[in-house]
J.: 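This structure is in structure tokens; I'll ask about it shortly.
Note: hydrogens, waters and symmetry copies are ignored here, and every other heavy atom, side chains too, is used. Residue numbers run from 1 in the order of the sequence given.
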Amino acid sequence: MEEFHVIFESTVSFYETSNAAELKYNNYNDKHEGGLIRMSFFLELQKNIASTPVEKCIINYIINHPNEVIEMTMEDLARETYTSRSTISRFCKKNGYDGFNSLKIQLAIELNMFLKDEVSVNTSLPFDKGDDSLTIVDKIISQNTYSILETTRTNPPDKLEKLVEKMLNAENIVFLGVQFSGIAAYDAHLRFSRIGMQSKFFITESDILTYAYFAKPKDVVFFISYSGQTAVILEAAEYVKRKDAYMVSITKNHNNELLEYCDQHLYINSSDDPENNLSLSSRIATLSLIDTIYGILINKKSDSIYERLMQTNKIYKKHFGS
């Protein structure tokens with residue numbers, strides 16, 4: 001396997017908010033490529049606030065020696081971290097893996113996906129110039145599938161269920177986004193309004209800022225910005241924060257300014273570059289995440305919401321056909 005020189009630029013720091021301990025973390029630096037990489041595998045390990053000193057030792061070793069770990073046996077890792085086979089086994093299970101081999105497979109997948117030389121970091125395209133059509137199809141589908149799976153893993157069901165409870169008690173559910181994020185905002189509005197939720201969406205700068213100025217305290221507001229640095233979204237977040245509405249960010253899983261404003265953070269795992277974003281796999285992953293929230297919400301209020309959904313289905317069928 002190609003030798004990658006990976007440095008974890010800074011360790012994860014935790015800070016207290018009025019509601020709970022929120023995660024705040026920095027980017028990873030890929031010295032070999034000279035660019036930034038962000039891998040959910042490492043983020044998931046570091047998110048575990050309850051890690052013991054022994055577990056932190058294992059985490060630090062994996063972060064600093066990912067290529068070596070891929071080639072190791074469980075005994076090797078236990079020896080290098082001054083632990084035991086049983087400790088390594090418990091560590092893997094605690095972090096959601098069936099065993100050490102499953103952990104190594106995930107580590108290998110992410111190193112290959114994010115660090116290989118063939119990826120064009122300048123265009124955010126998952127394929128290379130000169131690839132034939134079949135190769136392009138395969139690479140795009142593979143990247144989209146990967147982004148959906150990793151986004152799902154980074155936003156566990158219990159986290160989404162808590163968000164759904166907030167949404168069910170909201171006066172309005174509001175989705176804000178521009179350009180490609182505006183598409184996701186509009187799609188979300190269509191879904192939730194169709195089941196009788198008080199849903200709104202705003203996708204132009206003037207409409208976003210006007211809403212933000214008049215936001216209500218019982219609103220649940222989604223700020224969709226893959227980079228987390230979109231100027232109008234940040235300005236709107238500043239206004240909404242003053243209104244004490246419940247604020248939810250949907251961004252790439254890296255440190256960004258939008259996180260500072262919001263009460264809950266949902267993360268999109270994608271290799272799309274937020275600085276030069278063509279919104280390929282990140283857009284698909286965002287839509288999938290919203291679909292997941294939609295499904296959980298329907299299930300929470302199944303009786304009344306299914307009835308509403310059937311009623312709107314009849315209306316849509318009458319006007320637009322089957």
Side-chain angles (χ1 to χ4, degrees), residues 23 25 27-28 36-44 47 96 106 109-116 119-121 123-127 136-164 167 173 175-192 201 203 222-230 233 248-256 258-259 262 264-298:
L23 179 65
Y25 49 84
N27 298 327
Y28 296 98
L36 293 177
I37 58 166
R38 302 167 187 95
M39 290 177 285
S40 64
F41 176 87
F42 298 112
L43 295 175
E44 287 298 313
K47 278 183 187 178
Q106 186 61 39
I109 288 173
E110 297 205 12
L111 284 174
N112 181 63
M113 174 64 71
F114 287 93
L115 299 180
K116 61 183 180 180
V119 172
S120 175
V121 296
T123 63
S124 293
L125 292 173
F127 52 85
I136 291 172
V137 169
D138 180 64
K139 287 183 176 181
I140 288 179
I141 295 300
S142 296
Q143 180 168 293
N144 286 351
T145 302
Y146 179 87
S147 295
I148 290 171
L149 291 174
E150 285 302 291
T151 295
T152 300
R153 199 163 69 85
T154 308
N155 301 283
D158 57 340
K159 178 181 181 180
L160 301 182
E161 286 173 0
K162 292 177 182 178
L163 172 57
V164 163
M167 295 171 69
I173 302 172
F175 300 93
L176 308 179
V178 296
Q179 298 183 4
F180 289 112
S181 295
I183 295 173
Y186 177 59
D187 180 80
H189 161 72
L190 287 179
R191 295 196 178 284
F192 289 100
F201 77 102
I203 59 176
F222 288 79
F223 296 82
I224 307 174
S225 169
Y226 182 62
S227 68
Q229 301 295 147
T230 307
I233 294 297
V248 183
S249 64
I250 299 182
T251 71
K252 185 171 176 63
N253 60 352
H254 68 157
N255 191 31
N256 61 77
L258 186 56
L259 301 182
C262 294
Q264 185 165 346
H265 313 310
L266 304 179
Y267 297 108
I268 303 301
N269 272 321
S270 167
S271 59
D272 286 352
D273 183 358
E275 298 299 326
N276 183 21
N277 184 19
L278 298 180
S279 292
L280 296 174
S281 62
S282 61
R283 175 173 51 85
I284 299 299
T286 301
L287 294 172
S288 179
L289 176 60
I290 292 171
D291 284 348
T292 303
I293 297 169
Y294 177 72
I296 293 173
L297 187 144
I298 288 178

J.: Please name all residues satisfying salt bridge (Lys or Arg N to Asp or Glu O under 4.0 Å) with Asp291, sequence neighbours left out, ordered by chain then number.
T.: Arg191

J.: When rounded to the nearest 0.5 angstrom, what distance separates CG in Leu190 from OH in Tyr294?
T.: 10.0 Å

J.: Before you tell me yes or no, could you show the steps for Phe175 and Ile250 under side-chain contact (heavy atoms from CB on, under 4.5 Å), namely the whole-Å CA-CA distance, both residues' side-chain angles and the distance that decides it to 0.1 Å?
T.: CA-CA 10 Å; Phe175 300 93; Ile250 299 182; over 6 Å; no

J.: Does Phe201 have any ring pair (Phe, Tyr, Trp, His ring centres under 6.0 Å) partners at least two apart in sequence or in another chain, and if so, which?
T.: Tyr186, His189

J.: Going through the checks in order, is the side-chain contact (heavy atoms from CB on, under 4.5 Å) test met by Phe223 and Val248?
T.: CA-CA 6 Å; Phe223 296 82; Val248 183; over 6 Å; no

J.: About how many Å separate CG of Leu160 and CD of Gln264, when rounded to the nearest 0.5 Å?
T.: 7.5 Å

J.: For Thr145, give me all partners under side-chain contact (heavy atoms from CB on, under 4.5 Å), at least two apart in sequence or on another chain.
T.: Ile141, Leu149

J.: Could you point out which residue of Thr151, Thr154, Thr152, Asn155 forms a side chain to side chain donor-acceptor pair (under 3.5 Å) with Asn269?
T.: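 Result for side chain to side chain donor-acceptor pair (under 3.5 Å) with Asn269: Thr154.
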
J.: Run the side-chain contact (heavy atoms from CB on, under 4.5 Å) check on Gln179 and Tyr226 step by step: do they pass?
T.: CA-CA 11 Å; Gln179 298 183 4; Tyr226 182 62; over 6 Å; no

J.: Going by the rule side-chain contact (heavy atoms from CB on, under 4.5 Å), which residues pair with Ala184 if we only count those two or more places apart in sequence or in a different chain?
T.: Ile224, Thr286, Leu287, Ile290

J.: Distance from Asn256 atom CG to Cys262 atom SG, nearest 0.5 Å?
T.: 9.0 Å

J.: Show the numbers, then the answer: is there a side-chain contact (heavy atoms from CB on, under 4.5 Å) between His265 and Thr251?
T.: CA-CA 8 Å; His265 313 310; Thr251 71; over 6 Å; no

J.: Does anything in residues 175-186 form a salt bridge (Lys or Arg N to Asp or Glu O under 4.0 Å)? List the pairs, not counting sequence neighbours.
T.: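 Found none.
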
J.: Measuring from atom NZ of Lys159 to atom CD1 of Ile296, what distance do you get when rounded to the nearest 0.5 angstrom?
T.: 12.0 Å

J.: For the OG atom of Ser225 and the NZ atom of Lys252, what is their distance to the nearest 0.5 Å?
T.: 12.5 Å

J.: Can you name the residues that form a side-chain contact (heavy atoms from CB on, under 4.5 Å) with Ile183, not counting sequence neighbours?
T.: Phe180

